[in-house]
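Beneath this line is the structure, given in structure tokens, with notes to follow.
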2 protein chains.
Amino acid sequence: MPGETVNPASVDRIYDAVRELAASYAIKPDERINEGTLAKSLGASRTPVREALNRLVAEDLLVFQPGKGFFCRALDPQQIFDLYELRVILEEAAITLACERASDEDIEALRQDLMTNGQNYEGKSVKELVAYDEQFHETLVGLSGNGELVKRLHNINARIRFVRWFDMEQRISITRGEHRELMSRLAARDAEACRGILRGHIEKRLDQIITYARAGYSALYLPDAQGPLAGSPLAAGSQG
Amino acid sequence: MPGETVNPASVDRIYDAVRELAASYAIKPDERINEGTLAKSLGASRTPVREALNRLVAEDLLVFQPGKGFFCRALDPQQIFDLYELRVILEEAAITLACERASDEDIEALRQDLMTNGQNYEGKSVKELVAYDEQFHETLVGLSGNGELVKRLHNINARIRFVRWFDMEQRISITRGEHRELMSRLAARDAEACRGILRGHIEKRLDQIITYARAGYSALYLPDAQGPLAGSPLAAGSQG
DNA sequence: GCATATTTATCTGTATACAGGACTGTATGA
DNA sequence: TCATACAGTCCTGTATACAGATAAATATGC
């Protein structure tokens, strides 16, 4: 394949690629990763691949079993519920801090970005919408001034992304309004109101997550079903 | 050296060993890690060592610079402040959940453990006290029923441990009382009171952290100074 | 004497080789 | 027909070799 860069910055490149595969469950839940095959498909040897894999183990996007190898994490509703719960905790705390600390300019900048880039959701895929939503929330949490909060959220987002593709389908129209309301309350430094909006915006019940996880399994193992993944290379059962 | 197991479960063993070195700054801040030397001292080759190193990079205990190698993280007061802030956020949220969810038996079990193992602090080193304190708090957060919260706290603890060795010196006697008070309020399911105690128990101001960081640098680079590390192999400048 | 250029040595980044263990499939026996 | 034992294959885990890059040390010119 000419035109495809293969060599440079190997570990970071491999890391990004595999992170994408794991976050989207292009590697299926509990599926073992064949290092040799993966290495070949990424144009590298097993050594840097294993290094990237080990980083993803530390991030809990993959699971490592000694003597067995690396596996994609399971699609475990309880764990996803824990992550949603954690996300609410972090974002509520972050916006509380942001109400105290963020500059008017930074708040206004994010509001502007929301108005220009976050408005026209027609013609965009669910994946693109989720990607923008993640970016919006990570910037929002960044207004707390606490970089560790942002890192945690970044990891959580990668791990719940797959479920969020299904969740977003139901909430596209609501999301926009909530984002605008949130920014308005943030500009007014109303922390209490912000927390309430965020909680309602993010919070999920366990039974909802189970529903989305079921939909996820359908999309992964019965790719012809309707859903946010329909027509995507993932749903078509991409073979690398 | 007979009696010293070297072979088995290589990566996990190396990971634990290096995590210890990094958490205690036995590898000094910003110091480069010589893979070959480290591998030899651990009785392994560079390959598994680098795999463990990559895991620690993902946990932010080490920093990786392409072409340069692996470095111990800097002793950065702002980052440590962020971690303390995050720790308060997580523990407050956890105890709020624990008040709702934890069983009386689990609460009582932790209280018992505190009474038996957490009482006699005489004759114990500061490091041992911090180790018990970490364990206590991780169990406490576990009462929330949210495993992701525990994982986050576990990482935070490793990253602020070094500073806590200095902090604990000042707070040994206070700590015990606060732990007992906390358990009493938790048994009464008084979330508001628990949060207040925890915040006062954990929270640090940036200037305090800067003070401890300074003390840390002294201990690392002038090992003959007094402090919680005095007489420890770390303070003596252990050469592996 | 100081700054710069050049050489040397060390260390990283990656590929590859090999040994040991895990798994699959088949065949044999009850 | 089912369970179990065995053999072959595949894959992981680790050591090692080598190339490229980085840093250090020496030498050279001003």
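What's counted below: heavy atoms across the whole structure, side chains too, no hydrogens, waters or symmetry copies. A, B, ... follow the sequence lines: proteins, then strands. Residue 1 opens every chain.
If you check residues 59-73 of chain A against DNA chain C, the residues with a heavy atom closer than 4.0 Å are A:Gly67, A:Lys68, listed by number. Taken residue by residue, residues 15-23 of chain B places no heavy atom nearer than 4.0 Å to DNA chain C.
If you check every strand for non-hydrogen atoms under 4.0 Å, A:Ile33 touches sugar and phosphate atoms only.
To the nearest 0.5 Å, atom CD1 of residue A:Ile209 and atom CG of residue A:Leu83 are 8.5 Å apart.
For the pair B:Lys28 and B:Tyr221, the distance from NZ or CZ to the six-membered ring centre is under 6.0 Å and the angle to the ring normal is within 45 degrees. The side-chain tip of B:Arg55 points at the ring of A:Phe64 from less than 6.0 angstrom away and within 45° of straight on.
Evaluation of the salt bridge (Lys or Arg N to Asp or Glu O under 4.0 Å) test over residues 61-86 of chain B, restricted to residues two or more places apart or in two chains, returns A:Arg101-B:Glu85. Sorted by first and then second residue, the salt bridge (Lys or Arg N to Asp or Glu O under 4.0 Å) pairs with a member in residues 206-222 of chain B read B:Arg205-B:Asp207; sequence neighbours excluded.
Per the geometry, CG belonging to A:Asp12 stands 13 Å off C1' belonging to C:dG13, to the nearest Å. The distance between atom CZ of A:Arg32 and atom P of C:dA22, rounded to the nearest whole Å, is 13 Å. Across the protein-nucleic acid pair, A:Leu42 atom CG and C:dG13 atom C1' stand 17 Å apart, rounded to whole Å. Nucleotide C:dA9 holds its P atom 18 Å from the CG atom of B:Asn34, rounded to whole Å. Taking atom CZ of residue A:Arg13 and atom P of nucleotide C:dG13, one finds them 15 Å apart after rounding to whole Å. Distance, A:Arg50 CZ to C:dG13 P: 18 Å, rounded to whole Å. Rounded to an integer number of Å, the gap from NZ of A:Lys40 to P of D:dT12 is 13 Å. In this structure, B:Glu51 places its CD atom 13 Å from C1' of C:dT14, rounding to the nearest Å.
Residue A:Lys124 places its NZ atom among more than 12 non-hydrogen atoms of other residues, nucleotides or ligands, all under 6.0 Å distant.
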So which protein N/O to nucleotides 15-19 of chain C N/O distances come out below 3.5 Å?
unit_1 : atom_1 : unit_2  : atom_2 : d
C:dA15 : OP2    : A:Ser45 : N      : 2.6
C:dA15 : OP2    : A:Ser45 : OG     : 2.3
C:dA15 : O5'    : A:Ser45 : OG     : 3.4
C:dA15 : N7     : A:Thr47 : OG1    : 2.9
C:dT16 : O4     : A:Thr47 : OG1    : 3.2

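Applying the salt bridge (Lys or Arg N to Asp or Glu O under 4.0 Å) rule to B:Arg152 yields the partners B:Glu148; only residues at least two apart in sequence or on another chain are considered.
Judged purely by distance below 3.5 Å, without hydrogens or angles, the side chains of B:Asn54 and B:Tyr15 never pair a donor atom with an acceptor atom.
Note on A:Glu91 versus A:Arg87: salt bridge recorded, some NZ/NE/NH1/NH2 to OD/OE distance being below 4.0 Å.
For B:His137 and B:His154, the ring centers sit 6.0 Å or farther from each other.
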For this session: Applying side chain to side chain contact (heavy atoms under 4.5 Å, CB included), run through A:Arg164 and A:Tyr84 and close with a yes or a no.
Result: CA-CA 10 Å; A:Arg164 294 205 63 214; A:Tyr84 267 96; 3.3 Å; yes
